[in-house]
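All values below come from the heavy atoms of this structure, side chains included, with hydrogens, waters and symmetry mates left out. Every number for a ligand or one of its atoms is a count from 1 in the order of the listing. Position 1 is the first residue of the sequence, and the numbers go up from there.
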Amino acid sequence: MKKVKMDIPLVEMDGDEMTRIMWKMIKELLLEPYVELNTEYYDLGLQNRDKTDDKVTVEAAEAIKKYGVGVKCATITPNAARVKEYNLKNMWKSPNGTIRSILDGTVFRTPIIVKGIEPLVSNWKKPITVARHAYGDVYRDVEYKVEEPGKVELVFTSVDGKETRKLVHEFKNPGVVLGMHNIDKSIESFAHSCFSYALDLRQDLWFATKDTISKIYDHRFKDIFQEIYDKEYKDKFEAAGIEYFYTLIDDAIARVVKSGGGIIWACKNYDGDVMSDMVATAFGSLAMMTSVLVSPEGYYEYEAAHGTVQRHYYKHLKGEETSTNSMATIFAWSGALKKRGELDGNKDLIEFAEKLEKASIETIEQGTMTKDLALISKNENINSVNTRTFLEAIKAKLDQMI
Ligand code: NAP
Ligand code: MG
């Protein structure tokens, strides 16, 4: 059998704990036997981030700009306990945050749907992708606790010193207040990422805010989306047979719940934080959620939505058997390989990635799955297997297909 060739590399970012173990197994069992893997490797494991003073994370993000596509393993975001555990020089920032700030992207999260794992919302037949704006609003707010009578004002001071004031509230009794912001450029990037991703997936794009109440702030989001859509995407959407639909956030929630899925739902920062957890839970399992960062310039970074599965890793270290679900990590790889194939016109690579996804889904649908899914599956004959056996079962299926 001839291996599939890759002319241009993709950026491979290794990570931590149980997902690092699975990363190696996926390459060994499901990728390297079939593809002449051409990757530029960056070790984002915590030890190497510490060793390189986290420069490796920045280099990896720059490499994604160079090659256009990256695939990332889950990584530890250190807290005080991790600083002690790994004897770190510094409490390094979240690699995802660092990469996102360099690529300026939007994160799209999509569940992997398999028969037997039924969504809690029974009419959801196709996946719902949540796109979350990842800048500003309440995540960069300034808050204040009012303890005594007095007034709170918004004051804008222009560079030449001119002041504009707006009364927020005249406090007679104690209370609380917050100030928050967003910037047009970030909202524009968000809009471009959403429109181009909708074209990529050929799915309708929904966007919602509370512009009837927030007549300037939320209305700005609505206007920017509409202006960009009319100017740059309307014709392309019509040609692709898809729709851009704007509504109020409460109406959107009612419609999403009643829908059959198969849409991309663009959310402001807070809405996306809350709704992505709701959608993930309702679709069954965090281990079945994929995630892709799409930059407005068209760079793509694929990963699993879950973390490094620390609890399973400690079991693994003790020599105990684990049953960790590798689906989201496999789909991060297949997503990246498909995108590489699309960008390079490499049909064989696209075809391989599609077969890999099909083999993975069929393995679960025919009853072989990890414990997290075995617990919720409606399948009649369930074969609950360990981490490696699950990958071997996918490999057996893939071998039949190729
Ligand atoms: P986690 O890795 O997402 O795992 C939380 C729990 O969810 C696991 O203990 C497990 O439940 C279940 N789970 C998650 N993924 C699974 C999978 N693939 N297969 C089976 N079960 C799965 O979150 P965490 O343990 O709270 O965080 C560990 C580390 O991950 C942290 O250091 C955090 O910084 C990092 N993190 C990284 C990313 C990223 O790189 N994108 C995202 C989130 C968190 P049971 O224990 O009940 O089996
Ligand atoms: Mg959340």
Regarding E17 and R82, does a basic nitrogen lie under 4.0 Å from an acidic carboxylate oxygen? yes
Going by heavy atoms, is M327 under 4.0 Å from ligand 1? no
Nitrogen or oxygen atoms of G307 and ligand 1 under 3.5 Å apart: yes
Mind running ring-ring contact (aromatic ring centres under 6.0 Å, His included) on H192 and Y233 for me, showing each step along the way? CA-CA 9 Å; H192 280 294; Y233 294 94; 5.7 Å; yes
Non-hydrogen protein atom less than 4.0 angstrom from atom 19 (N) of ligand 1: yes
Within 4.0 Å of some non-hydrogen atom of E303, the atoms of ligand 1 are 41 (N)
Would you say V309 and ligand 1 have an N/O pair spaced under 3.5 Å apart? yes
So which of V71, I8, N346 actually passes side chain to side chain contact (heavy atoms under 4.5 Å, CB included) with R340? I8
One finds that the ligand 1 atoms under 4.0 Å from a non-hydrogen atom of K72 are 40 (O)
Is it true that K358 and E351 have a side-chain N and a carboxylate O under 4.0 angstrom from each other? no
Basic-acidic side-chain contact under 4.0 Å: E392, R388: yes
Could you tell me whether T308 and ligand 1 have an N or O pair separated by under 3.5 Å? yes
If you measure from the Lys or Arg side-chain nitrogens to the Asp or Glu carboxylate oxygens, is any gap between R49 and D16 under 4.0 Å? yes
Protein heavy atom at shortest distance from atom 45 (P) of ligand 1: R311 NH2, 3.5 Å
Looking at atom 6 (C) of ligand 1, is any protein heavy atom nearer than 4.0 Å to it? no
Numbered in order shown, the ligand 1 atoms found under 4.0 Å of a heavy atom of R82 are 29 (C), 31 (C), 32 (O)
Counting from 1 in the order shown, the ligand 1 atoms closer than 4.0 Å to a non-hydrogen atom of A287 are 16 (C), 17 (C), 18 (N), 19 (N)
By number and element, which atoms of ligand 1 are closer than 4.0 Å to a non-hydrogen atom of N96? 39 (C), 40 (O), 41 (N)
If we only consider heavy atoms of K371, is any one of them less than 4.0 Å away from an atom in ligand 1? no
Sub-4.0 Å protein heavy atom near atom 26 (O) of ligand 1: no
Residue T324 vicinity, atoms of ligand 1 by number, heavy atom under 4.0 Å: 17 (C), 18 (N), 19 (N)
Can the ring centres of Y244 and F207 be said to be less than 6.0 Å apart? no
Regarding ligand 1, does H306 bring an N or O atom to under 3.5 Å of one of the ligand's N or O atoms? yes
Does ligand 1 have any atom sitting under 4.0 Å from a heavy atom of M18? no
Ignoring angles and geometry beyond distance, decide whether E17 reaches within less than 3.5 Å of ligand 1 through its nitrogen or oxygen atoms. no
Between E163 and R165, is the closest basic N to carboxylate O distance under 4.0 Å? yes
Between T387 and T322, do the side chains contain an N or O donor and an N or O acceptor separated by less than 3.5 Å? yes
Whether D218 and K222 form a salt bridge (side-chain N of Lys/Arg under 4.0 Å from carboxylate O of Asp/Glu) is what I want to check. no
Do the side-chain N and O atoms of T209 and Y246 include a donor-acceptor pair separated by under 3.5 angstrom? yes
Do N38 and K5 get their side chains close enough for a donor-acceptor pair, meaning under 3.5 Å? no
Nitrogen or oxygen of D372 less than 3.5 angstrom from that of ligand 1: no
Determine, counting only non-hydrogen atoms of the protein, whether one lies under 4.0 angstrom from atom 41 (N) of ligand 1. yes
